[in-house]
Protein chains: 2
Amino acid sequence: MATIKDIAKKAGVSVTTVSRALNGYDDVNEDTRKKIKQVALELSYSPNAVARSLVSKKTRTIGLIISDINRAGAKDAFAYEVLCGINDRAGDLNYDLLLFSTNPSKQMEKSYTALCKERNVEGAILSGLRLDDPYLQEVIEQNSFPCVLIDIPKTGENVAHVTSDSRVGAAMAVRHLLENGHRHIAMINGHNQAFVSRERFEGYKEALEQYGISANEELAYDGKFSEDGGAEAMYQILIRNPDVTAVFCASDLMALGAMRTLERMGRKVPDDVSIIGFDDISISAYCSPKLTTIRQDKYELGYQAAQLLIDMLENRTDNRKLLLNNQLIVRESTQRLQE
Amino acid sequence: MATIKDIAKKAGVSVTTVSRALNGYDDVNEDTRKKIKQVALELSYSPNAVARSLVSKKTRTIGLIISDINRAGAKDAFAYEVLCGINDRAGDLNYDLLLFSTNPSKQMEKSYTALCKERNVEGAILSGLRLDDPYLQEVIEQNSFPCVLIDIPKTGENVAHVTSDSRVGAAMAVRHLLENGHRHIAMINGHNQAFVSRERFEGYKEALEQYGISANEELAYDGKFSEDGGAEAMYQILIRNPDVTAVFCASDLMALGAMRTLERMGRKVPDDVSIIGFDDISISAYCSPKLTTIRQDKYELGYQAAQLLIDMLENRTDNRKLLLNNQLIVRESTQRLQE
DNA sequence: GTTAATTTCCGAAACGTTTCGGATTTTTAT
DNA sequence: ATAAAAATCCGAAACGTTTCGGAAATTAAC
């Protein structure tokens, strides 16, 4: 591996000059610069980023802590799409991504903060974390490097967040059901340690109250954000609230589970029960019946997170919060209540 | 940021001793070690991985060049599942992943080799590359760091590859159709710059010939590995080869496209035409009719790639090639030929 | 022709570790 | 008590860059 020294020797100049020549400083004669570049080429030199960042303190690297990068996440490719967005924007702005192996199985011995500090990332994006994550608080308080949280509403000097408007989205979903004549509307929510679950429940209540219906806590079931959880929740609904004619699910995956249960129990969607989901995962457009849902732009979530983080890094912004809009996608799983 | 020097000063020892104490060398008294650890804690010291790797030449980082991490890849989450596998195994073995921003839009100015060398990754995993990728050859020839290729059959001193047995898989698929009485079987293949396309075509031919049918090149259409490509190819098949009763698609995504066309043209799957795909993406189990396909274990692909690379890094293996098995999943899109 | 300004270069320190080789102290063996 | 062995520590160099402050050489100004 050729180093800057080798070049200096061969070109007959000092390492300083080589460094400055290669980095485009203007206090080096164009002829010497040309020569140096020539030599660099001959030795097929490539700069050592490690050495460089040791002195410059810059790594042009963003740490990624995405806790739900796992096999199960393949169905809703949520983490994936977020990652794509981050990857694209970071790539454009010339940052590389360091994916930390947050191993959820073996108890992690190092905090996210420690990971990021050690590796000298300039900032981090965290996604998929539960509100009760033991290390989350530390990241926010330590405040030692800029970071942006996805779907966790904390802000601070050094921490920003981006999320889509779950409350409004949920209200939109429920209003869609209400407008179609439904009055007995259950909800299958995600686990309570997700900010979005809480928001979506608020949106659910809000819409109902707009129609003069007081939301009944008992109609909100926990589907754990999983397909099986959704299936189980739907089963409970059928047993305990047989008069329900429509269900709002806080994720498409749970909606898929709910539809599975309904099919098994001989109920037709949407004839007997209308189902609306949240996310718009790719399966939703292919399953049968096709799922009505609230589309969340997950790619944009990642894209904006990267943009925001880098803006913070290069302090171009004071903005610490970004709220994206969602969109109602009407397909086949909901219809006007038949009397 | 506390450094090793700060600890040395505060603890009244040399930096050498601090380093050796913290790294568990046994030539340091247990009492001093305890004291040093105590001081380190007080200063909330965390080692600087950059400095460390500058001297040790080790970064415990694997470079990832996955060219198809993009929005479009969300449907078949191929890249995603591979990534999960890599992430899990690398995490277990304590390597971090550096995701290079291979920006396909703007012409990349740096080769993969340059990227990897600069950032001092210890090895790399490349996936989703086309055989005609301009930088692929360089990676293989330069041979400057260990790397494993996914779905590209090159090997060398420093380069290994892992892939699933596309040829056998394809033959399995086509044999399934043959066994169900089909004799006029078309194929919708991916683009020709993918190794797997070539292999799957070979498998297709092989199976046909086993049944005494000579494969007709004209029955193999190019679906470009995309849904729209598959749809278009199916359209061509209907026009040019109306007697075809079954189609083998080299990816589920193309199969989905083919089914879309068939539906639009009023043909029933599988009554009029049987369709079999390849991959087993998640949509395949939900679409209607559910897709018969050849399951590829994408997660395992990534998992084994990481394992193999790290084995190479820590030279525990001479193995440079890994072939995974596929599996026929019979669902609803194929059936016995009706006469 | 002298001085000032500009251009072009360089030495040395710094970044935070690891590690080699040896030095010092303590323990053990005789 | 002395020599040998073991335990514990440390100084200094090294990794490959960047950058500060200034030196030397060239050009411009008068």
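Source: prediction; values computed, not measured. Proteins come first, then strands; the chains are lettered A, B, ... in the order of their sequence lines, and each starts at number 1.
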Taking atom [atom2] of [N] as reference, at what distance in whole Å does atom [atom1] of [X] sit?
X	N	atom1	atom2	result
A/D6	D/dG16	CG	C1'	10 Å
B/E30	D/dA6	CD	P	19 Å
A/K34	C/dT8	NZ	P	13 Å
B/I36	D/dC9	CD1	C1'	10 Å
B/N29	C/dT27	CG	P	10 Å
A/L43	D/dG16	CG	C1'	15 Å
A/K58	C/dC15	NZ	P	16 Å

Expected rows: protein N/O vs nucleotides 18-23 of chain C N/O, under 3.5 Å:
{"from": "C/dT18", "atom 1": "OP1", "to": "B/N23", "atom 2": "ND2", "distance (Å)": "3.2"}
{"from": "C/dT18", "atom 1": "OP1", "to": "B/R52", "atom 2": "NE", "distance (Å)": "3.0"}
{"from": "C/dT18", "atom 1": "OP1", "to": "B/R52", "atom 2": "NH2", "distance (Å)": "3.4"}
{"from": "C/dT18", "atom 1": "OP2", "to": "B/S19", "atom 2": "OG", "distance (Å)": "2.5"}
{"from": "C/dT18", "atom 1": "OP2", "to": "B/N23", "atom 2": "ND2", "distance (Å)": "3.2"}
{"from": "C/dT19", "atom 1": "OP2", "to": "B/Y25", "atom 2": "OH", "distance (Å)": "2.8"}
{"from": "C/dT19", "atom 1": "O4", "to": "B/T16", "atom 2": "OG1", "distance (Å)": "3.1"}

Quiz item: So, does A/D311 use its side chain to make a donor-acceptor pair with the main chain of A/T317 at under 3.5 Å?
Solution: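 Here the side-chain-to-backbone pair does not exist.
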
Exercise. Compute whether any side-chain donor of one residue and acceptor of the other, for B/T17 and B/S14, lie under 3.5 angstrom apart.
Key: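 A pair is found: one side chain offers a donor N or O, the other an acceptor, under 3.5 Å apart.
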
Practice problem: Please lay out, stage by stage, how B/D92 and B/R89 fare under the test salt bridge (Lys or Arg N to Asp or Glu O under 4.0 Å). | Solution: CA-CA 5 Å; B/D92 288 343; B/R89 192 60 188 143; 3.4 Å; yes

Practice problem: Any pair with a residue in residues 129-143 of chain B that passes salt bridge (charged side-chain N to carboxylate O under 4.0 Å, His left out), sequence neighbours left out, goes on the list, sorted by first then second residue, please. | Solution: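 Listed once each, the pairs are B/R130-B/D132.
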
OP1 or OP2 of [N] under 4.0 Å from side-chain N/O of [X]:
X	N	value
B/K5	C/dT17	no
A/N48	D/dT17	no
A/T3	D/dG16	no

Quiz prompt | Side chains of B/L129 and B/Y112 in contact at under 4.5 Å (non-hydrogen atoms) | solution =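 When only atoms from C-beta onward are counted, B/Y112 and B/L129 do touch, with a gap below 4.5 Å.
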
Quiz item: Are any non-hydrogen side-chain atoms of B/I310 and B/R316 less than 4.5 angstrom apart?
Solution: yes

Practice problem: Take B/K57 and B/G12, find for each the nucleotide of DNA chain D with the closest heavy atom, and name the residue whose nucleotide sits nearer the 5' end. | Solution: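 The residue mapped nearer the 5' terminus is B/G12.
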
Quiz item: Of B/L54 and A/V28, whose nearest nucleotide on DNA chain C comes first from the 5' end?
Solution: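 By nearest-heavy-atom nucleotide position, the 5'-most residue is A/V28.
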
Exercise. Please list, chain by chain and in numerical order, all residues satisfying ring-ring contact (aromatic ring centres under 6.0 Å, His included) with A/Y45, sequence neighbours excluded.
Key: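 Counting only residues at least two positions away or on another chain, A/Y45 forms no ring-ring contact (aromatic ring centres under 6.0 Å, His included).
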
Quiz item: Base, sugar-phosphate, or nothing: which does B/T32 touch, judged by heavy atoms less than 4.0 Å apart?
Solution: sugar-phosphate

Quiz prompt | Sugar-phosphate, base or nothing in reach of A/V50, heavy atoms under 4.0 Å | solution = nothing

